[in-house]
2 protein chains.
Amino acid sequence: MEPFTPRQNAVLECALQLLVAGGERALTTAGLARAANCSKESLYKWFGDRDGLLAAMITYQASKVRTPGPRESMPTLEDFSRSLAVFAEDLMGVLAGEVSLALNRLAIGQADRDGARLGALVREHGRLPIETRARALLELGRRHGYLKFSDTHEAYETLYGLIVRDSHVRMLLGEPPVGTSDDLPRRARLAIAQFFRLHGHGAQDID
Amino acid sequence: MEPFTPRQNAVLECALQLLVAGGERALTTAGLARAANCSKESLYKWFGDRDGLLAAMITYQASKVRTPGPRESMPTLEDFSRSLAVFAEDLMGVLAGEVSLALNRLAIGQADRDGARLGALVREHGRLPIETRARALLELGRRHGYLKFSDTHEAYETLYGLIVRDSHVRMLLGEPPVGTSDDLPRRARLAIAQFFRLHGHGAQDID
DNA sequence: TCGGAACCGTACCGTACGGTACATGAGATT
DNA sequence: AATCTCATGTACCGTACGGTACGGTTCCGA
């Protein structure tokens with residue numbers, strides 16, 4: 001997407017802070033202008049209108065996350081399994097992040113306007129990178145003979161379901177984040193173990 | 001929860017229609033009074049304030065759904081498996097329902113106010129009945145020797161994740177509902193098959 | 001028949017917010 | 001130095017909405 005100037009990035013960062021701190025109602029044009037020491041006129045010049053600002057916040061936040069490409073050398077099954085577990089923990093960490101939750105809440109709350117334009121943006125910028133990383137990992141595992149599946153997307157969705165379950169929606173609904181972070185690795189390992197039971201090398205395909 | 005009068009139920013039904021049709025912005029006190037042929041004063045007398053109205057909508061909607069208790073006679077494995085598939089399809093049907101999506105969007109959009117009171121209501125009234133039904137089904141299957149698990153809650157969450165994956169959040173974000181309903185049974189059967197791979201009789205426990 | 005309670009419809013109020021206009025000032029360019 | 005560009009800050013406007021007040025009507029019990 002088109003980049004923003006450093007000044008605009010600073011304003012967007014400030015907007016994200018406001019959104020995280022107080023929800024959508026705290027993100028007013030006047031309040032953002034005051035908090036970011038800019039003028040409302042500049043906001044409208046840069047982002048068009050309020051919806052443009054929200055969209056810019058999403059793309060800006062997405063531009064901050066980088067998907068760590070897996071290093072290709074991954075000889076042992078243990079390493080690969082560990083990579084999957086790391087992915088699972090990263091995924092849960094992202095979904096439980098304050099900014100991610102705030103932006104998802106924002107997009108979901110606006111899903112009835114403009115044909116869910118914000119929702120489409122979140123799906124595109126927020127989920128696609130995750131899926132890309134997961135697909136690369138899965139296909140790497142398949143190439144090395146550690147995994148067995150026919151449809152990469154199906155396998156990815158299964159992995160996602162086993163990892164996330166319904167915790168994302170629960171967090172979106174305001175439930176305090178899951179266990180005190182010592183629970184997270186256990187859940188991640190459990191999910192990966194279950195995934196191997198379904199798509200590990202010895203498993204028979206279900207499709 | 002305390003019941004409402006028939007008149008109040010009719011007003012709440014009308015409010016749900018407004019919410020489904022136009023999102024939260026379409027649900028104004030004046031608009032509801034006009035649509036339901038009642039006065040704003042009555043709305044405030046009955047429900048206190050706007051938040052009370054939203055909470056009443058959630059409890060009212062929850063009061064409409066009944067969890068069909070499984071008939072205890074379930075001799076064959078095929079019957080039990082079919083019951084699980086029916087549960088899966090029912091679950092997806094509920095989550096994809098217009099009213100459910102609208103109320104979840106509403107609660108998620110307000111998750112930053114009042115300590116996510118609406119979100120807590122949705123979690124309590126919307127998800128607890130589902131889990132209750134699923135737990136009964138799972139434990140029935142375990143009693144009959146068809147399933148093997150130690151923690152019912154864990155097994156339920158696994159089942160939920162395999163069935164729903166991330167489709168709920170995607171729908172909340174405005175993605176049109178999944179395949180043209182002929183895809184749903186296939187997905188349900190696949191999820192159940194995967195669940196049996198993890199917790200079927202012959203499976204070794206992972207925990 | 002009277003009186004009160006509940007309710008409808010409408011008018012009203014205060015406020016908050018999105019969006020626009022304008023005056024001022026700082027930096028760069030010619 | 002003159003000027004152009006860009007941004008700030010403030011003031012302003014229209015509107016929409018939550019919440020309240022009030023007059024009028026219906027219904028029910030005494």
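Atoms CZ (B:Arg34) and P (D:dA16) sit 12 Å apart, rounded to a whole Å. As rounded to whole Å, 18 Å separates atom C1' of D:dA7 from atom CZ of A:Phe4. In this structure, NZ of B:Lys45 is placed 8 Å from C1' of C:dC7, rounded to the nearest angstrom.
For the residue pair A:Gln110/A:Glu24, the side-chain donor-acceptor check at 3.5 Å is satisfied. Between the side chains of A:Arg133 and A:Tyr156, no donor-acceptor pair is found at a separation under 3.5 Å. With hydrogens and angles left out, the side-chain atoms of A:Gln61 and A:His125 include no donor and acceptor closer than 3.5 Å.
B:Arg7 comes within 4.0 angstrom of the backbone, heavy atoms only, and of no base.
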For A:Arg187 and B:Glu157: C-alpha separation, side-chain torsions, deciding distance, then whether salt bridge (charged side-chain N to carboxylate O under 4.0 Å, His left out) applies.
CA-CA 11 Å; A:Arg187 298 289 294 260; B:Glu157 291 225 323; 3.0 Å; yes
Can you list the steps and then say if A:Leu162 with A:Ile192 is a side-chain contact (heavy atoms from CB on, under 4.5 Å)?
CA-CA 8 Å; A:Leu162 286 172; A:Ile192 301 307; over 6 Å; no
Applying salt bridge (charged side-chain N to carboxylate O under 4.0 Å, His left out) to A:Glu131 and A:Arg135, what does each step give before you reach the verdict?
CA-CA 6 Å; A:Glu131 176 163 0; A:Arg135 289 172 76 103; 3.2 Å; yes
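Between A:Trp46 and D:dA7 there is a side-chain polar atom (N or O) within less than 4.0 angstrom of OP1 or OP2. OP1 or OP2 of C:dC8 sits under 4.0 Å from a side-chain N or O of B:Ser42.
Annotated stems with DNA chain D as a participant read C:1-30 with D:1-30, given as range with range, by first number; only runs of 3 or more Watson-Crick or G-U pairs under 3.5 Å qualify.
Side chain of A:Arg50 to backbone of A:Thr29: no donor-acceptor contact under 3.5 angstrom is found.
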Identify the pairs formed between an N or O of the protein and an N or O of nucleotides 17-20 of chain D at a distance under 3.5 Å, and give each distance.
residue: D:dG18; atom: OP1; partner: B:Arg50; partner atom: NE; Å: 2.6
residue: D:dG18; atom: OP2; partner: B:Thr29; partner atom: N; Å: 3.1
residue: D:dG18; atom: OP2; partner: B:Thr29; partner atom: OG1; Å: 3.2
residue: D:dG19; atom: OP2; partner: B:Tyr44; partner atom: OH; Å: 3.3
residue: D:dG19; atom: OP2; partner: B:Arg50; partner atom: N; Å: 3.1
residue: D:dG19; atom: N7; partner: B:Lys40; partner atom: NZ; Å: 2.8
residue: D:dG19; atom: O6; partner: B:Lys40; partner atom: NZ; Å: 2.5

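Take B:Glu13 and apply the salt bridge (charged side-chain N to carboxylate O under 4.0 Å, His left out) test, not counting sequence neighbours, and it matches B:Lys64.
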